[in-house]
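A short write-up of the structure that comes next.
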Amino acid sequence: MASVPENPAADQSAALPFGSSLVGASRTDLAETLRSLGLPDREIRMRVSQLWHWIYFQGSTSFDAMLNIGKPLRARLVKHYTLGRPEVVSQQVSSDGTRKWLFRMPPVDARDKGAEIECVYIPESDRGTLCVSSQVGCTLTCTFCHTGTQKLVRNLTQREIVQQLVAARDQLGDFPGQTPPTDGPIPSGEGVRAISNIVFMGMGEPLYNFDNVRNAIGVMSDGEGLSLSKRRITVSTSGVVPQIGPLGDEAGSMLAISLHAVRDDLRNTLVPLNKKYPIRELLEACRNYPGVSNARRITFEYVMLKGVNDSPAEARELVRLLKGIPAKINLIPFNPWPGTQYECSDWETIEKFSDIVFNAGYASPVRTPRGRDILAACGQLKSETEKLRARARLALEENEAAP
Ligand code: SAH
Ligand code: SF4
């Protein structure tokens with residue numbers, strides 16, 4: 001397991017520290033917190049349910065709104081806790097409606113300045129997908145990935161992971177009584193939710209932050225709150241084999257595998273973790289993924305790198321390797337970033353590759369790049385904090401200068 005600095009708040013199942021936000025807390029966290037405030041055992045279950053409804057169903061930002069919770073308890077909550085969300089440092093809206101936010105998380109302790117992470121929202125006609133991060137940076141060093149070049153790494157806490165969803169819903173006006181923004185498309189209509197799907201495809205390796213990711217999925221999928229279907233939550237991994245089974249058992253989410261190569265020698269270079277967990281072991285773990293079936297397929301991601309992994313022979317080998325695994329294949333055009341040694345495959349090469357995959361029975365395999373103009377696409381998420389800050393400052397100055 002990679003060594004990631006432990007976050008002091010990460011493993012607490014006890015009461016949340018004074019001064020922190022209740023947003024992102026699990027039912028157990030809330031129960032422990034209320035107990036520490038002196039609430040009698042017989043009341044705790046009911047109060048947790050009430051808080052849950054206000055925080056996650058209503059999206060309340062103030063304890064004062066929680067009218068079914070008595071004034072004395074509300075006063076204690078106000079005194080010791082917040083309903084804080086991450087601060088929105090900046091928002092960019094792409095010409096295709098993709099949104100990228102830079103969120104600054106509330107500090108988790110006295111030494112922490114608050115993690116800054118990017119979060120991307122991709123609207124489509126029948127769904128809205130939020131791409132969340134599980135770590136700041138990533139300890140793995142996949143050679144084609146911008147995030148892997150970032151030095152600073154720490155695990156996000158369960159609450160920080162959930163807060164990305166809550167903050168994004170705030171920004172999209174998606175809680176009761178809020179108004180959606182008008183500067184870009186948001187899917188709407190009977191039974192359509194602004195955010196219907198979550199993918200753990202932002203910064204970080206989710207399976208190196210297993211407990212927090214599993215617990216966050218528990219909060220996000222709770223039917224009385226945020227209520228996202230687990231079948232619409234996908235965890236993408238570069239192949240942390242020992243954690244794949246537990247993910248299926250304990251989180252029950254969908255699984256995506258960043259495969260990107262069909263031979264170990266090449267995958268060792270592209271995804272160095274392959275040296276530890278080679279392709280054969282990885283695919284064995286996929287075959288045994290709890291709950292996998294033709295209705296619940298595993299997604300295999302394959303980034304198209306010009307002259308590196310994009311030959312017809314590799315397409316045929318890909319199909320052969322995946323035989324017997326209920327699978328979907330996502331061909332991802334490589335998103336270049338400043339300083340990268342790779343190029344995206346030519347369109348004809350991608351088409352040829354995709355034809356071979358398609359003829360083997362896998363549908364719609366090429367993922368259209370989204371949000372390219374705002375560097376929001378996969379693997380481009382590296383805290384471009386400085387640049388974004390400068391842009392945000394500029395926007396502010398322009399606003400101030402406006403008549
Ligand atoms: N660490 C996890 C999840 C985050 S990366 C993982 O590797 O699966 C999300 C997806 O984006 C992965 O499939 C990753 O391989 C892909 N990706 C990374 N850099 C990319 C780039 N520059 N262009 C296209 N896809 C990229
Ligand atoms: Fe980390 Fe995934 Fe990027 Fe690899 S592709 S460096 S595992 S974020």
Side-chain angles (χ1 to χ4, degrees), residues 1-6 133-155 200-211 213 234-248 255-289 298-311 313-325 327 329-332 334-337 339-343 345 353 378-382:
M1 183 93 7
S3 65
V4 170
E6 267 315 310
S133 295
S134 54
Q135 299 181 311
V136 183
C138 186
T139 52
L140 296 170
T141 49
C142 303
T143 44
F144 56 88
C145 174
H146 203 194
T147 306
T149 64
Q150 199 176 325
K151 289 281 171 293
L152 179 78
V153 182
R154 83 155 166 84
N155 282 336
F200 281 81
M201 293 186 186
M203 281 194 272
E205 169 48 57
L207 297 190
Y208 272 177
N209 188 13
F210 185 87
D211 290 358
V213 166
T234 302
V235 172
S236 174
T237 177
S238 57
V240 185
V241 167
Q243 300 292 351
I244 289 179
L247 179 76
L255 175 67
I257 300 287
S258 296
L259 192 62
H260 308 318
V262 291
R263 296 186 322 271
D264 281 323
D265 60 340
L266 178 59
R267 196 164 188 271
N268 285 346
T269 320
L270 298 179
V271 184
L273 187 64
N274 193 69
K275 290 183 216 151
K276 201 163 178 189
Y277 307 117
I279 295 175
R280 199 183 48 78
E281 285 179 30
L282 178 57
L283 295 183
E284 195 51 29
C286 291
R287 268 192 199 92
N288 298 326
Y289 188 64
I298 295 172
T299 303
F300 288 88
E301 297 158 282
Y302 196 96
V303 63
M304 299 298 295
L305 303 169
K306 188 175 191 164
V308 174
N309 65 353
D310 59 356
S311 69
E314 283 162 311
R316 286 190 291 271
E317 180 59 9
L318 177 62
V319 168
R320 197 191 65 78
L321 275 180
L322 298 187
K323 224 177 177 152
I325 304 177
I329 297 174
N330 245 326
L331 300 180
I332 315 174
F334 171 63
N335 290 306
W337 38 273
T340 178
Q341 64 192 88
Y342 298 107
E343 282 175 75
S345 308
F353 198 103
C378 308
Q380 290 182 317
L381 297 182
K382 158 167 161 143

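The residues of the chain are indexed from 1 along the displayed sequence.
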task = Begin with the C-alpha distance, continue with both residues' side-chain angles, and end with the deciding distance and a verdict on side-chain contact (heavy atoms from CB on, under 4.5 Å) for L282 and Y277.
result = CA-CA 6 Å; L282 178 57; Y277 307 117; 5.6 Å; no
Which heavy atom in [X] sits nearest to a heavy atom in [Y], and how many Å separate them?
X    : Y    : answer
P272 : C142 : CD-CA, 3.8 Å
Y302 : N309 : OH-O, 2.6 Å
P206 : V213 : O-CG2, 3.6 Å

[atom1]/[X] to [atom2]/[Y] distance, rounded to the nearest 0.5 angstrom?
X    : Y    : atom1 : atom2 : answer
N335 : M304 : CG    : CE    : 13.5 Å
R263 : L321 : CZ    : CG    : 11.0 Å
F210 : N155 : CZ    : CG    : 13.0 Å
R287 : I244 : CZ    : CD1   : 12.5 Å
L283 : I298 : CG    : CD1   : 9.0 Å
I329 : L318 : CD1   : CG    : 4.5 Å

Any side-chain heavy-atom pair of [X] and [Y] under 4.5 Å:
X    : Y    : answer
Q243 : L247 : no
I257 : C286 : yes
L140 : Y208 : yes
E314 : F353 : yes
T340 : F334 : yes
T143 : Y342 : yes
L305 : L270 : yes

task = Anything under 30° is parallel, anything over 60° is perpendicular, the rest tilted; go ahead and classify F144 against H260.
result =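 It falls in the perpendicular class, over 60°.
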ask   = Looking at residues at least two apart in the chain, or sitting in another chain, which of them share a side chain to side chain contact (heavy atoms under 4.5 Å, CB included) with A256?
value =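 So A256 forms a side chain to side chain contact (heavy atoms under 4.5 Å, CB included) with M201, T234, S236, T299, E301.
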request  = Just jot down the ring pair (Phe, Tyr, Trp, His ring centres under 6.0 Å) partners of F300, sequence neighbours excluded, or say none.
outcome  =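 Listed in chain order: nothing, the list is empty.
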Whether [X] side chain and [Y] backbone form a donor-acceptor pair below 3.5 Å:
X    : Y    : value
E205 : S238 : yes
D264 : N274 : no
D310 : G307 : yes
R267 : L259 : yes
T237 : G239 : yes

ask   = With S134, which residues qualify under side chain to side chain donor-acceptor pair (under 3.5 Å), at least two apart?
value =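 Here no residue qualifies.
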query = So L266 and V308, side-chain contact (heavy atoms from CB on, under 4.5 Å) or not? Walk me through it.
reply = CA-CA 8 Å; L266 178 59; V308 174; 3.8 Å; yes
request  = Just do the side-chain contact (heavy atoms from CB on, under 4.5 Å) check on R316 and V319 with the steps written out, would you?
outcome  = CA-CA 5 Å; R316 286 190 291 271; V319 168; 5.8 Å; no
